[in-house]
Amino acid sequence: MVSKQDSDWFPIMRLSRYFLPVQKENPAEAEIVSHRLMLRAGMIRQASAGIYSWLPLGYKVLRKIEDIVHDEQQKAGAIPVLMPTIQSADLWRQSGRYDDYGAEMLRITDRSDREMLYGPTNEEQITEIAGAGIRSYRDLPRILYHIQWKFRDEVRPRFGVMRGREFLMKDAYSFDLDKDGARHSYNRMFVSYLRTFERMGLKAVPMRADSGPIGGDMTHEFLILAETGESAVFLDRNLAELSFGDSAIDWEDASALQGIVDRYTASYARTDETHEEAVFESEVPEDRRLTARGIEVGHIFYFGSKYSKPLNATVNKPDGEVVPFESGSYGIGVSRLAGAIIEASHDDKGIIWPEAVAPFEVAVINLRQGDAEADGACEDLYAKLNARGLDVLYDDRDERAGAKFATIDLIGVPWKLVVGPRGLKEGVVELVNRRNGETENLSPEDAMNRLAATYGRA
RNA sequence: CGGAGCGUGGCGCAGCUUGGUAGCGCACCUGUUUUGGGUACAGGGGGUCGCAGGUUCGAAUCCUGCCGCUCCGACCA
């Protein structure tokens, strides 16, 4: 488990002083459940088509998702950088994509009539950076990544942040001397993705992607299984049951990584784009054939010297030969994940956040605001939970119990600590699990210990 | 890009056909009441009716143009 994040950025919170514009009614424009819930829970507000502001609650979730992605990228050996959103057209002319990319690319001219663009992706830019900074085979391999806003002028933005025009993406780029090295880098990212999504409480399955003009087997999409997914997916049920748990990984051991990748790619798993029914039926026994829907949250591919060649990003080999980098790129839709997690985890009351990405880890609910005993007990719990490193929201609004439960359930806090005069007379508070509704009456101390243990805090 | 539709307080909507100076529910404010899963009553604040032009004594309503947004389909983290 991650430790409580960024407490300086996200100070402890009591709801009476927070900014949480929740709505009782469904916005008319929101068709899918994650979009509806994000609007109702006050996570986002639309600025224009496919462009959103992230309000405090949504921003907090986004940051928690980012934290996990950062952590897993770096564990896998990738190095963080930050490239600009605005790029010069020149680089894109060199790679030949300035004309190829078409209307999806937002083009801008500055005051000197220079042609600029709001980056839809960063292959050109990172290749230029790597080319300038890496001269020798001794400097390889390297994987650089950043998490940055992208803009793609989609013809039809929809589904809230699931397909916005502006979106936050983690994109990593690998640089290797040869194809074997590139495969190792590819496998690092492959395994990193499995861990990343698993940590977020998601079941993401790698599926063979359309390899396009480059060809080869080194391209996979990672899809979360969710009823409302955009793509139909076909897979061996066994794949959906694989998991890492806590097992350690030796990222430098190329053959070990290859073993993991092989295990996850041994069984049939494809989207409707590459699906072949005959192959599906011959490779997967009938009782293991799973047909479902999925949301694409990651995409990795190897593209060799597609960019290094035209951009002249080269490196010296031991024998003095000068060769272009062998590269791949590896994307995770960070802002999309916020929506995708909700698609995969909600009920009719609202969002059910997996603990690792929940905006708040526990909500203290005061059933009788203004009652001296209840107020005192809540303040005490609030202070102590904070001191123990838990991300706690105290619902201290002067509202009835029902309104508090409705709000807290809507915004999906995984645990509720329910405090009222009645329970306090017996010396207990209620610890309620959002997902299954299970309730336990515990002493305040026991309840806090239980929460700390759940989140791996002292 | 092809097809359909919608813009009226923060949200959900009615009013438009048949022009007469804007209404309902939620939310918000005040008071009373209530208090262990969205209390009840009373009072109240808030809207250039997307924008511009036109017709008319008078336009949310009719006409023209523009802008914005959504949905279905083809394309993508």
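Order of the sequence lines sets the chain letters (A, B, ...), proteins ahead of strands, with each chain counted from 1.
Counting to the nearest Å, the C1' atom of B:C75 and the CZ atom of A:Arg158 are 9 Å from each other. When the P atom of B:C11 is taken as reference, atom CZ of A:Arg45 falls 6 Å away, rounded to whole Å. Atom P of nucleotide B:C69 and atom NE2 of A:His35 are separated by 13 Å, given to the nearest angstrom. Rounded to whole angstrom, the span from the CZ atom of A:Phe159 across to the P atom of B:C69 amounts to 17 Å.
Taking atom C1' in both B:C63 and B:G38, one finds a spacing of 47 Å when rounded to whole Å. Between the C1' atoms of B:G47 and B:G54, the separation comes to 25 Å (whole Å). A gap of 33 Å separates the P atoms of B:U55 and B:G46, to the nearest Å. A distance of about 14 Å separates the P atoms of B:A40 and B:U34, rounded to the whole Å. Taking the P atom of each, B:G23 and B:C16 are spaced 15 Å apart, rounded to whole Å. The same atom, P, is picked in B:U8 and in B:G15; the two are 14 Å apart, to the nearest Å. When the P atom is compared between B:A4 and B:A60, the two are found 30 Å apart, to the nearest whole Å. B:C26 and B:U39 have their P atoms separated by 12 Å, given to the nearest Å.
At a threshold of 4.0 Å, the pair A:Glu123-A:Lys306 does not count as salt-bridged, since none of the basic side-chain nitrogens sits closer than that to a carboxylate oxygen. Look at A:Arg97 and A:Glu124 and you find a salt bridge, because one of the NZ, NE, NH1 or NH2 atoms lies within 4.0 Å of a carboxylate O, short of that distance. Between A:Asp396 and A:Arg17 there is no salt bridge, since none of the side-chain N atoms of the basic residue sits less than 4.0 Å from a carboxylate O of the acidic one.
Across all strands shown, B:G25 pairs with B:C11; the Watson-Crick or G-U wobble distances both stay below 3.5 Å. A 3.5 Å limit on both hydrogen-bonding distances identifies no Watson-Crick or G-U partner for B:U55. Across all strands shown, B:U30 forms a Watson-Crick or G-U wobble pair with B:A42, both key distances being under 3.5 Å. For B:A60, there is no paired nucleotide, since no Watson-Crick or G-U wobble pair has both relevant distances below 3.5 Å. When Watson-Crick and G-U wobble pairs are counted only if both distances are under 3.5 Å, B:G73 pairs with B:C1. Under the Watson-Crick or G-U wobble criterion, with both distances below 3.5 Å, B:U48 is left unpaired in every strand shown.
For B:G25, its base sits under 3.5 Å from the side chain of A:Glu25 at one donor and acceptor pair at least. With hydrogens and angles ignored, no donor-acceptor pair under 3.5 angstrom links the side chain of A:Glu399 to the base of B:G38.
Within a 6.0 Å radius of CZ in A:Arg45, no more than 12 heavy atoms belonging to other residues, nucleotides or ligands are found. Annotation: A:Lys203, atom NZ; neighbour count of heavy atoms from other residues, nucleotides and ligands within 6.0 Å is above 12.
With its ring centre under 5.5 Å from that of the base six-membered ring and a plane angle below 30°, A:Phe167 counts as stacked on B:A77.
For A:Gly298 and A:Glu29, each mapped to the nucleotide of RNA chain B holding its nearest heavy atom, the one lying further toward the 5' end belongs to A:Glu29. Both A:Ala403 and A:Glu273 sit near RNA chain B, but only A:Ala403 has its closest nucleotide nearer the 5' end.
The shortest distance between the side-chain N/O atoms of A:Arg400 and the OP1/OP2 oxygens of B:U39 is below 4.0 Å. Contact annotation: A:Gln46 side-chain N/O to B:U70 OP1/OP2 distance is under 4.0 Å. OP1 or OP2 of B:A77 has not a single side-chain nitrogen or oxygen of A:Lys150 nearer than 4.0 Å.
Cation-pi geometry between A:Lys416 and A:Phe405 is not satisfied (NZ or CZ under 6.0 Å from the ring centre, within 45° of the ring normal).
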